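These notes concern the structure reproduced below.
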Amino acid sequence: MKPVLTLQGVSFGYKKVKILNDISFSIFPGEFMAIIGPNGCGKTTLIKTILKSITPQAGTIHIQGREIQDLSNKALAKHMATVMQTINPAAMTVRDYVQLGRLPFFGKYQFFETRKDMKIAEKYMQLTGVADFGDAKLNEISGGERQLTAIARALTQEPTLVVMDEPTAHLDISHQVRVLDLINTLKNRLSLTVLMVLHDLNLAAEYADRLVLLNKNNGRIFKTGTPEAVLTESSIQQVYQTRIRVRPNPVSKKPWVFLVNDQAAKQTNEIGI
Amino acid sequence: MNHKIKEWLIILFGLLALVIAVGLLSLSIGSAGIPLKQIPQILLKGGDTAEYSILMGIRLPRILLAISIGGSLSLAGTLLQGMFRNPLVEPYTLGISGGASLGVCINILFKFYVVIGVIAFPLSGFIGASLVIFLVYNLNRKDQNVQSNRMLLTGVMISYVASSLVMLLMALSGSDDLQNIVLWIMGSLDEPNTALIKISCMGSLGALLISYIFCMDLNALTLGDDEAANLGINTTRTKKILFIIASFLTGLSVSIAGIIMFVGLIVPHFVRMLTGPDHRILLGASFLAGAAFLTLSDIIARMIIAPLELPVGVITGIIGGVMFIWALSRKQVTL
């Protein structure tokens, strides 16, 4: 199987600080891959190199076999859609915003969406449940609804790869689950490939097929693999420099990471856990 | 889409009708009282009558200039506000008008217009405006988050510097040049040079057409540079071209009619309330509304202390200044 996205030896830094150091991995069709790591480890920088917002100082990034630096923004937007932490709460309607997802497919002097464009936008608005508030403005809906709208817009681009930078960062627990459940369902239904930066290790464990754990100390990948392989007590303690425990989630059996506060740690030591 | 286009066409035709109505009103107002009813008759008869000469030789050119300059300033404001996602940005607050006026002053003082002709006015205005816009942009490019607020402050400062330099030039200039500069700075739509009026009309319409090529890019830019780039927009190239268009429109207006404040601020602001933020309607509607607003302001400027007339910038400055404060005091202003 050919990978959708391949990073090979990607490095990036500012002056003497190396943020990304020789990053290499591939994502395969239909995979949900999450990038995890402590604050400042370069997760967002890595996403920016993939989105072509910044150019890596070394290494290559290929999407479906083509080097992204050789692709125009427009050509890239046909392969890859993005969902960021938030979207600008502009005064445009949800429907108009979702329809902007067809922009990469516009001709040079095309000013209006075709019937087909509108059908595609409508289809993904229905799938994501945002059609119900399609006529509301972005600045009138909640943060959770805005993220669903951003997902609808990304899907409207009909991409092979969706790149998401902490799409649940500003959401409460119910919206986090709602958004990630939706992404998971759509991923299977539409054979999407998803690359997502996630801060929350438990969400990453629950939803991702594979994880990339970045190490802040040297800017390198610490470990890549299934949640079970990556989310071990020793690797998390080493990378995050904090006290945690990992147990199987009683429902999903996926690794479940929970923190141990100072007081609790002392008590557990006393009782020998 | 059909529903949307229908609505947009109604707005555009409504505004066009408003421009025509205000234009006709302006045509009938002046020291030589020509009643509105008689205008068609006079125009049809044509020929040698004094009324015909007044209408075609004095009033109509003035109206055409008001339409093209009002449209230009409003369009420039719309483009800049769309690019910077800030409804308080316009050629005047960004210092572009100041740059253009400095350019024109240098032209008057060094008499470039004697060497290369009347085109030196719009050209010097355009160069001055372009220099300021690139300066403001590059000074604020580093920190994306506070970009537009810092840019406004930088723009205001550059405006001060430019007007100080204009005063310096005035202090250094001889009495003839001084008079030329003062007359031009006061700003007027009474332009005797038909070549400049033609340049203004064609230039503003041309700029409107070219800016339409970027209407979808502007819609995407409303979401921020990153998201626009992720939607396939070449943001750097688009912004550069739009900067050039905005500088051209501002340079053109300032060089011909002097500094006319706030048209680029208040007109797009109110048009956006009417049309929403979609640039496919916003560009055309702003142009027409700006044209109607300046023509109306010119009527007020001519009537208020008739038979003398006020510089039209006084009227737009007062209305615009009040509106600016009102816009600032609103809790949340989004594009």
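Chain letters run A, B, ... following the sequence lines, proteins first, then strands; residues in each count from 1. Here the structure is a predicted model, which means the values were calculated and not measured.
- Taken from CG in B:L231 to CG in A:L76, the straight-line distance is 11.5 Å, to the nearest 0.5 Å.
- Annotation: A:Q69, atom CD; neighbour count of heavy atoms from other residues, nucleotides and ligands within 6.0 Å is above 12.
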Worked verdict on A:M92 versus B:T222 for side chain to side chain contact (heavy atoms under 4.5 Å, CB included): CA-CA 9 Å; A:M92 69 172 71; B:T222 311; 4.2 Å; yes
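- Of all heavy-atom pairs spanning A:A77 and B:G232, the tightest one is CB-N, 3.7 Å.
- Put simply, CG on B:L223 and OH on A:Y97 are 6.0 Å apart, with the number rounded to the nearest 0.5 Å.
- For the side-chain contact (heavy atoms from CB on, under 4.5 Å) test, residues two or more places apart in sequence or in another chain that qualify with B:N219 are A:L100, B:M216, B:D278, B:H279, B:R280.
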Enumerate donor-acceptor pairs with a distance under 3.5 Å from any side-chain N or O in residues 121-131 of chain A to protein atoms, sequence neighbours excluded.
from   : atom 1 : to     : atom 2 : distance (Å)
A:E122 : OE1    : A:R95  : NE     : 3.3
A:E122 : OE2    : A:R95  : NH2    : 3.2
A:Y124 : OH     : A:E158 : OE2    : 2.9
A:T128 : OG1    : A:Y124 : O      : 2.6
A:T128 : OG1    : A:M125 : O      : 3.3

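- Summarising the local packing, NZ of A:K78 is surrounded by more than 12 heavy atoms from other residues, nucleotides or ligands at distances under 6.0 Å.
- With values rounded to the nearest 0.5 angstrom, A:T86 atom OG1 is found 9.0 Å from B:E227 atom CD.
- Within a 6.0 Å sphere centred on OH of B:Y92, heavy atoms belonging to other residues, nucleotides or ligands number 12 at most.
- Per-residue counts of heavy-atom pairs under 4.5 Å with chain B were compared for A:R153, A:R102, A:Q110; the largest is that of A:R153.
- Using bins of under 30°, 30° to 60° and over 60° for the plane-to-plane angle, the ring pair A:F111/B:Y212 lands in the perpendicular bin.
- Side chains of B:N230 and A:K52 form no contact here, defined as non-hydrogen atoms less than 4.5 Å apart.
- Annotation: side chain of B:I233 is not in contact with side chain of A:N73 (no heavy-atom distance under 4.5 Å).
- A salt bridge does not link B:D226 to A:K48: none of the charged side-chain nitrogens sits closer than 4.0 Å to a carboxylate oxygen.
- Residue A:R210 places its CZ atom among more than 12 non-hydrogen atoms of other residues, nucleotides or ligands, all under 6.0 Å distant.
- Counting heavy-atom pairs under 4.5 Å between each of A:L103, A:L138, A:V163 and chain B puts A:L103 at the top.
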